[in-house]
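Sequence lines set the chain letters: A, B, ... in the order given, protein chains first and strands last, and positions in each chain run from 1. Remember, predicted model here, so these are calculated numbers, not experimental data.
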Amino acid sequence: MNRHVSHPASHILQRAHKSNDSRYSTQRSSRPPNSEPERRPSVTCLRCRRDGRTALRYLITLLLFQGPAQKYVYTALGQLKEDTVANVFGVVTFFKLPYRSKGTDFCSVVTILDQSNVKLKCTFFSGNQDALPRIYKIGDIVRFHRIKIQRFNDELQGISSSGFSALVFEGTVDAPLIPRTASKSYNFTTEDQKTVETLRNWQLGLQNFTSSRRNLSNVQPGQYFDLICQLVGKAEIDKASYLLKVWDGTRCSTLQWKVYVEDYALEGDRDSITRLQDLAIDVLVYDNHVELAKSLKIGSCIVIHNVHAKWHNTGGENQGHDTYLEFHLHGGTCYGRGISVPPEDDSDVKELQKVLDAVGIVSDVTTPHIQLSQMSPPFDALKRCQQLFVTVLPAHQQWQITPLNNIAKSKAPQKFRIRARLKSFQPHHLYQSVKLHCTKCNSLLDAPDEQSLTKIFEDRSNGSPITNTTNTFWYRSEVWNTGNLDNRAVAIHFVKKYDDLQNPENSLIMVEGASFKELCKLSTHFNTIIPVKSKEENLELDLSAPFLIQGKKWLYGCMKCSNIKSLEELKSLLLETGWDAMEMAKALGVELLTHLFVMNFILEDETGSLKAYLWRESERFFQIPPSEILMDSDLQEKLHMIMSVLCPSTKQIGEYPWMDCCIRSYNSNVGGKEQICYEVFDTLLSVPDLDTIK
DNA sequence: GGTTAGGCTTTG
């Protein structure tokens, strides 16, 4: 046994001797009875050959990470005496994070409480910031060794004395008993474990102090609170203030104030910042906090202590209508103000990370859909979040949010960013929202639905007999008799390219006499169809029906603005590849009509409501082509689902999702009457659930 | 070895 241990031990002793390390030298001083065996074990040097066996025993003990068998005495806070040095346990009721004092050291102020119901305010100094107690949360349990008790302002006060050391434990019952400490070796007995556990249980029953930690979803305006959160962006505002963009996976239900930052000044991943724009808050930190804020790493979990949720002051008359919140970390260290970075193994950090990961997955539209019910709690917040990601502002996310009642008071034209719920919308039959718009004459027509198209083509085939066509050099004609009761004839004129007929999927055909259903069938096989009719042995366009059909796209021309030319003009396109609808419209003198969804939204926030149109940017908003939806039942279903997410009529309005929208106001003359209209622009829907629907 | 700060009714 001796042989085994003597080598490493004597090696260490020799090294200790060389470096004159006082830890291994004999030192008998007039220390208090409980003093520091863990830091300065009373060991005799091997080279001196005095009491070598004792020295070895100590070293072996040290190597095995066990403190010497010295027993510490702990004093209840109610039993402390002036001008003594004591060891104490306690629950943290207040603390200031270490900060640079005006002297040479860092300083930290900690108030603790124990079962004697006596509080002790302590002030600790150290040149090494890490040596100060690592407290992150009210309720943490601490063990202090060698604090000097003295009187100040008629109260007993604790202060760090020579050899001061601290252990800190999480205050939650059942959290791991891992001490946070800068001490390389420390004594922690099973009795100490019991003391920590007893204090954890004891503080559960305490009414008097509660942690001021809040989630963003339960912050009340005017409150000061501690926030554990992840840093997603940061930016220097000026010398005395710094911006932190943070989120905690929950959503603040009050409208928030956003700080304007030039794009180049903002640090952080743009995609994350955009994706989280509705969940992340802007916190402005001031003065002494700026230096630390600068050093924070994007993505890290931090605690901001004593954040102030303050009503935004517009400075105007309508103080009562201010509806959004600013978040500030004011300068100074009063009330424990500061920013801390808890260790990654901290229970609260792990919990936060779990929630953020899950919310991230749900909000990330590129990952497969995950059933919320398959996830473990706590995911009520998640469901809330998922609802909230319903819009994205690609261009103007830095704009401040304007309450709806302020918009109604403003003159036009102007642009705003709003946050509102969709209280109702019109038309309810979604097919009625599909319109044809002429950008030239600004006319707006209903897009013909299936029924009207059936009628249009029925009338047409009844009205005009099939031409006696002869084949020409640029098309070849075939006539079929339907063989149905109506004994109708359908003519198809196959357009040749390079003097040749193409495969159906590349072909342009001109069709005469076909019904709506037949055209639908033909459109699934042929690349492009132009419905035509005969007039005096010639084929011609008729804009009362679609001028061109390409798959699910049925395109129309403006009857007023088009200047129809002969179909022979198509010959100019015969040498080009493909059949470009725009080129064909141009060749035939057709002014194409644009398909739009035109909807009327009643938007509502806490301050009022606003009627806004969605039309010119409706395709961008829904990311559904309105030119195809009438021929595509999947797209129709998708639009229905979107509208039922935005405006779920089975729920209370309080449960409707919030939408961030850009709104522009403009003056419009309707029936000789000037009025201000509002239109949604630069806004995209982003409903993760729906991305699985194609 | 001295000094530092000595929570507290906050607010850009």
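- Closest contact between the side chain of Ala240(A) and the listed nucleotides dG6(B), dG12(B), dT10(B) involves dG12(B).
- Out of dT11(B), dG6(B), dT3(B), the shortest distance to the side chain of Phe152(A) is found at dG6(B).
- When distances are taken from the side chain of Lys119(A) to each of dG6(B), dG7(B), dG12(B), the shortest belongs to dG7(B).
- Residue-level contact check: Phe327(A) touches neither bases nor backbone, having no heavy atom under 4.0 Å from any strand.
- Spacing between atom NZ of Lys310(A) and atom P of dT11(B) amounts to 10 Å, rounded to whole angstrom units.
- The side chain of Asn306(A) lies closest to dT10(B) when the candidates are dA5(B), dT10(B), dC8(B).
- Tyr186(A) and Phe188(A) have perpendicular rings, their planes meeting at more than 60° on a 0 to 90° scale where under 30° would count as parallel.
- Contacts of Arg419(A) classified as salt bridge (Lys or Arg N to Asp or Glu O under 4.0 Å), with partners at least two apart in sequence or in another chain: Asp278(A), Asp660(A).
- Contact annotation for Ile159(A): base contact, defined as any heavy-atom pair under 4.0 Å involving a base atom.
- Between Lys102(A) atom NZ and dT4(B) atom C1' the separation is 9 Å, expressed in whole Å.
- By the side-chain hydrogen bond (donor to acceptor under 3.5 Å, both in side chains) test, Ser241(A) pairs with Asp238(A), sequence neighbours left out.
- Arg100(A) comes within contact range of no nucleotide atom at all, as no heavy-atom separation falls under 4.0 Å.
- Stacking of the aromatic ring of Phe125(A) onto the base of dA5(B) is not found under the criterion of centres within 5.5 Å and planes under 30°.
- Distances were taken from every side-chain heavy atom of Asp105(A) (C-beta onward) to each of dT4(B), dG12(B), dT10(B); the shortest belongs to dT4(B).
- Gln150(A) comes within 4.0 angstrom of a base, heavy atoms only.
- Under 4.0 Å is where a charged nitrogen must lie from a carboxylate oxygen, and between Arg180(A) and Asp140(A) at least one such pair does.
- Checking dT11(B), dG7(B), dT4(B) against the side-chain heavy atoms of Val109(A) singles out dG7(B) as nearest.
- Distance from the side chain of Phe94(A) is smallest for dG7(B) among the nucleotides dT11(B), dT10(B), dG7(B).
- In this structure, Lys121(A) reaches the bases: a heavy-atom distance under 4.0 Å links it to at least one base atom across the strands shown.
- Gln129(A) and Pro98(A) make their closest contact through CG-CB, 3.7 Å (heavy atoms, listed as atom of the first residue, atom of the second, distance).
- Using a 4.0 Å heavy-atom cutoff across all strands shown, Gly331(A) reaches at least one base atom of the nucleic acid.
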